[in-house]
Amino acid sequence: MNVTLAVERFNPETDKEPYIVEYDVEVDENDRVIDALLYVSENQDSTLGFRKSCAHGVCGSDAMRINGVEKLACKTLIHDVTDEQNSKITVEPLRHYGVERDLIVNHDVFMEKYSKVRPYFIPASPAGSEEYIQSPEDRLRIDEATKCINCGACYSACPILETNPNFLGPQALVQAIRFVNDSRDKGLEARLDVLDNPNGLWGCQQKFECTKVCPRDIKITKLINQTKRTVEKYRKERGEKVNKGE
Amino acid sequence: MVHVHKFDTVIVGGGGAGLYAALEASKKCKTAVVSKLYPQRSHTGAAQGGIAAALGNLEEDHPDWHAYDTVKGGDYLTDQKAAQVLAEDAVKVVYDLEHRGLAFSRLENGKIAQRRFGGHTNNFGKGPVRRACYAADRTGHMILQTLFQQCVENNVEFFNEFFAMDIIMDGNRAKGVSCYEIRTGDVHVFYAKAIMFATGGYGRVFMVTSNALSGTGDGPALVAKAGLPIQDMEFYQFHPTGIYRMGVLITEGVRGEGGILKNRHGTPFMEEYAPTLLDLAPRDMVSRAISEELLKGNGIRGDKKINDYVHLDARHLGRKLIESRLPDICEFCETYLGIDPSEHPIPVQPTAHYAMGGIPTDIDGRVHDGKRVIEGLYAAGECACVSVHGANRLGTNSLLELVVFGRRTGKHIADYVQGVDSPSGDASGADTVISRISSLRNKKTSKPIGPILQKMKQTMMEQVGVYRTESEMEQAIQTVKSLRDEMGGVVLQDSSSNFNTEVQSYFEAENLLLVAHSIAVSAKNRQESRGAHARSDFPERNDDEWLKHSLVRMKGEIDISYSSVDVSRWEPKPRTY
């Protein structure tokens, strides 16, 4: 079948405004959107900028907005985004990052926020000669959050970042929660300052947009809400107030 | 613009091997990681089923059994002391990763969960053993995330989206690497006492592959361009179960949990090919068995064509087990095939998966040319050839190789750099790269790169694939040679400096073609069948003449030499399962 990719292009070196370029591509309906973009860059227009790597939804390189919704281009098949009436697919860069070139966005702030939450194991006790013991039930508590591939789709979909660019955003919070819920880790205590903060957990207003677009199906909003309750309980037990900045 | 950097160590590649090496090296010396991707995008993250280590959490197991399986699995081309190191370090490394927070799946008693995988046995081949430590079917993802997190904690210095293009040699010593910065178009020259390659594989030379688009063989290609040999390039693994037509990997863990391959008559055909290990025979044997079935007309289409497929049936395992231990496989099936593996068999075919060959190294990652060590040059991971995999790698030994030899290399580098002087060098180190890029811009005619890549992938898949013959490989060599010439007619259209991905794509294609050429030449040269190298015209293994590693030089006149295989522990025997 023939589809039209309507790609938003922008090169800050030479362009004042973004503009749309349409590419007609012959594809199979079971091809991925990334296949169509690759076909364009290898055969029609090698100046088109986009990131790519694994091509099957596990590396997180090719998050973009397809027909207005954040998706991985390698996990979206042509027939998922076209129908008999409409064979045009719009492809735009993620929001809230700043465009570097066409579909390539700047990850600097996103990764700074990631680093802020101490996204690494802080052991609650010293290691022995074998593994830490962790029950299957405790392991299950970190299953959701460990799936995150840092693709950044959630950060683009999050409406809070429209008005509060300092909000850590869903991805960084998920990374923190991954360790907060790990029975082997010091958990909340080691990350309380960044989480119990108007730009941390309390920045989230439960809009669920992140959860809707997460290509790893992580129930992000639910994890954030659970962790809010954990923080409230922690503060209450100590006779302290949570820091919502109100 | 040219930038000059000086470090003690520069590591090219930010996957499992590169990150582990960076953690070790950065403890003692000034270390940089340059990577063409953000490190957490590396292909280590796509590995699914597990990492082998004889922890014995469920049943008796020993590193010695693991080493033996690795040697036999490699059809005796494995260097046996290296296999021993791999198996012994495995236990330490798995515990070390767990101590760094890795979220392994757990047994009821809270220990790391383990499952069966192809070719891993107890008592030197008696029966299958549960040796694969796993985190559901996301083991590679967890390893990559854990190592990256540790690098963040330890402030490892990253140069992300830097594409390595040229090794700077000074006689027998490597002293630097020139990189193209994708964000700005600037060239950066990194001078260092130790240069390490950890660039991963090159499955993208084949049409159907499980590999990332970024698996373009940059490390082996750069080493070859520097005039050094690359080793055992003829040994390339086809994984038996890639998703039909797409090549996306369906982990061997499906068979490890009890999944069964079936032909169009519903017959579990592995009984005929490997009566003891059945569906858990090593990958080369299973891929050949599938190919045989297809050629007999037993494929699902039944048209006797090699691109037909078979079924991987997991339905009898039950939804609960499938969804808990193989959740990503369920997702791939749903996304790419629109099926539920609890209710439908999965259509699969062999997919180009893993390079046993690569940059020749010793057990500490030091690169050699078959005779002597190249000073200051290191490699580890899939781009390297130690060789622990010999002629065929066992499942779950790849993640293991990355972390064992990445770690060992980092440790060796940390000590090595203490005793050597920093190399001298200035911006002129960038000259080669700059002139190569500018030569591509000053031409009149223009061809797109797509048809060249397409032709290469098709040729390699059809003529240097699971089964090989002299005449087909000769045709492949001629085709790849002419494609390499055609690259001279490609002109860069994009004159921008920021995020000019076209420059990178061009040189990746050049690397792929060099690697494809080296595979075809080495494969045609080896007149026997061993492991993954299966020749219809030489169907038997020939230890008298071919129990040796091949080393091919691709710069100037192509030259093939040999080095001996370490068979100091187990005498080569016929390989049956």
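Sequence lines set the chain letters: A, B, ... in the order given, protein chains first and strands last, and positions in each chain run from 1.
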Heavy-atom distances under 4.5 Å only: say whether [X] touches chain A with side chain, backbone, both or neither.
X: B/Pro451; answer: both
X: B/Thr501; answer: side chain
X: B/Glu502; answer: both
X: B/Leu453; answer: side chain
X: B/Ser210; answer: backbone
X: B/Arg41; answer: both
X: B/Ile182; answer: neither
X: B/Leu37; answer: side chain
X: B/Tyr336; answer: both
X: B/Asn109; answer: backbone

Given that the side chain runs from C-beta out, which part of [X] has a heavy atom under 4.5 Å from chain B: side chain, backbone, both or neither?
X: A/Ser129; value: backbone
X: A/Leu38; value: side chain
X: A/Arg32; value: side chain

Tell me whether A/Arg216 is salt-bridged to B/Asp328, with the criterion being a basic N under 4.0 Å from an acidic carboxylate O.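 Here A/Arg216 pairs with B/Asp328 in a salt bridge, since their nearest N and O are under 4.0 Å apart.
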Taking every non-hydrogen atom, the tightest pair across [X] and [Y]:
X: B/Gln145; Y: A/Cys148; answer: NE2-O, 3.7 Å
X: A/Cys54; Y: B/Ala212; answer: CA-CB, 3.7 Å
X: B/Gly101; Y: A/Arg184; answer: O-NH2, 2.8 Å

Practice prompt. Give the intermediate values and the outcome of side-chain contact (heavy atoms from CB on, under 4.5 Å) for residues B/Leu55 and A/Glu130.
Written response: CA-CA 9 Å; B/Leu55 304 185; A/Glu130 294 183 354; over 6 Å; no
Can you measure from [atom1] ([X]) to [atom2] ([Y]) and round to the nearest 0.5 angstrom?
X: A/Asp35; Y: B/Met246; atom1: CG; atom2: CE; value: 6.0 Å
X: B/Leu213; Y: A/Cys59; atom1: CG; atom2: SG; value: 8.5 Å
X: A/Ser53; Y: B/Asn211; atom1: OG; atom2: CG; value: 9.5 Å
X: A/Thr47; Y: B/Leu492; atom1: OG1; atom2: CG; value: 11.5 Å
X: A/Lys52; Y: B/Ser505; atom1: NZ; atom2: OG; value: 4.5 Å
X: A/Asn150; Y: B/Tyr38; atom1: CG; atom2: OH; value: 11.5 Å

Original post:
Among all residues two or more places apart in sequence or in another chain, which pass the ring-ring contact (aromatic ring centres under 6.0 Å, His included) test with B/Phe162?
Top reply: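 Applying ring-ring contact (aromatic ring centres under 6.0 Å, His included) to B/Phe162 gives B/Phe159, B/His188.
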**Report entry** By ring-ring contact (aromatic ring centres under 6.0 Å, His included) - contacts of B/His239 (at least two apart)
**Finding:**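 Result, ring-ring contact (aromatic ring centres under 6.0 Å, His included) vs B/His239: B/His353.
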For residues 27-56 of chain A, which residue pairs pass the ring pair (Phe, Tyr, Trp, His ring centres under 6.0 Å) check, not counting sequence neighbours?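 Pairs touching residues 27-56 of chain A that pass the test: A/His56-B/Phe332.
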query = Is there side-chain contact between B/Ser496 and A/Arg101, with at least one heavy-atom pair below 4.5 Å?
reply =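 In contact.
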Check your understanding: Would a 4.5 Å heavy-atom cut-off, applied to side chains only, mark B/His99 and A/Pro123 as touching?
Key ->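 SC-SC contact between B/His99 and A/Pro123 ruled out.
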Start with the C-alpha distance between B/Arg106 and A/Ile133, add both sets of side-chain angles, then the distance that settles side-chain contact (heavy atoms from CB on, under 4.5 Å), and finish with yes or no.
CA-CA 9 Å; B/Arg106 300 286 166 161; A/Ile133 297 299; 5.8 Å; no
side-chain contact (heavy atoms from CB on, under 4.5 Å) between A/Arg51 and B/Glu161, worked out | CA-CA 10 Å; A/Arg51 290 191 177 101; B/Glu161 302 196 312; 2.6 Å; yes
With no hydrogens and no angle check, just 3.5 Å: does a side-chain donor-acceptor pair link B/Gln493 and A/Ser46?
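A pair is found: one side chain offers a donor N or O, the other an acceptor, under 3.5 Å apart.
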Contact residues of residues 106-115 of chain A (partner chain B; heavy-atom separation under 4.5 angstrom):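 Within residues 106-115 of chain A, the residues that come under 4.5 Å of chain B (heavy atoms only) are A/Asn106, A/His107, A/Asp108, A/Met111, A/Tyr114, A/Ser115.
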- Under a 4.5 Å heavy-atom cutoff, which of B/His43, B/Arg183, B/Lys92, B/Arg245 has the most pairs with chain A?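 Ranked by heavy-atom pairs under 4.5 Å with chain A, first place is B/Arg183.
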*With a 4.5 Å cut-off on heavy-atom pairs, point out which of B/Val94, B/Asn160, B/Leu102 contacts chain A the most.*
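Looking at each option in turn, the highest pair count goes to B/Leu102.
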Quick one: does [X]'s side chain have a donor or acceptor within less than 3.5 Å of a partner on [Y]'s backbone?
X: B/His141; Y: A/Thr146; result: yes
X: A/Arg139; Y: B/Phe104; result: yes
X: A/Glu100; Y: B/Asn498; result: no
X: B/Glu153; Y: A/Tyr120; result: no

Decide yes or no on side-chain contact (heavy atoms from CB on, under 4.5 Å) for B/Glu331 and A/Asp217, but give the supporting numbers first.
CA-CA 10 Å; B/Glu331 206 176 301; A/Asp217 294 323; 4.3 Å; yes
Exercise for review: Would you mind telling me which of A/Ala55, A/Ser41, A/Pro119, A/Gly49 has the largest number of heavy-atom pairs within less than 4.5 Å of chain B?
Suggested key: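 When all of A/Ala55, A/Ser41, A/Pro119, A/Gly49 are compared, A/Pro119 has the most.
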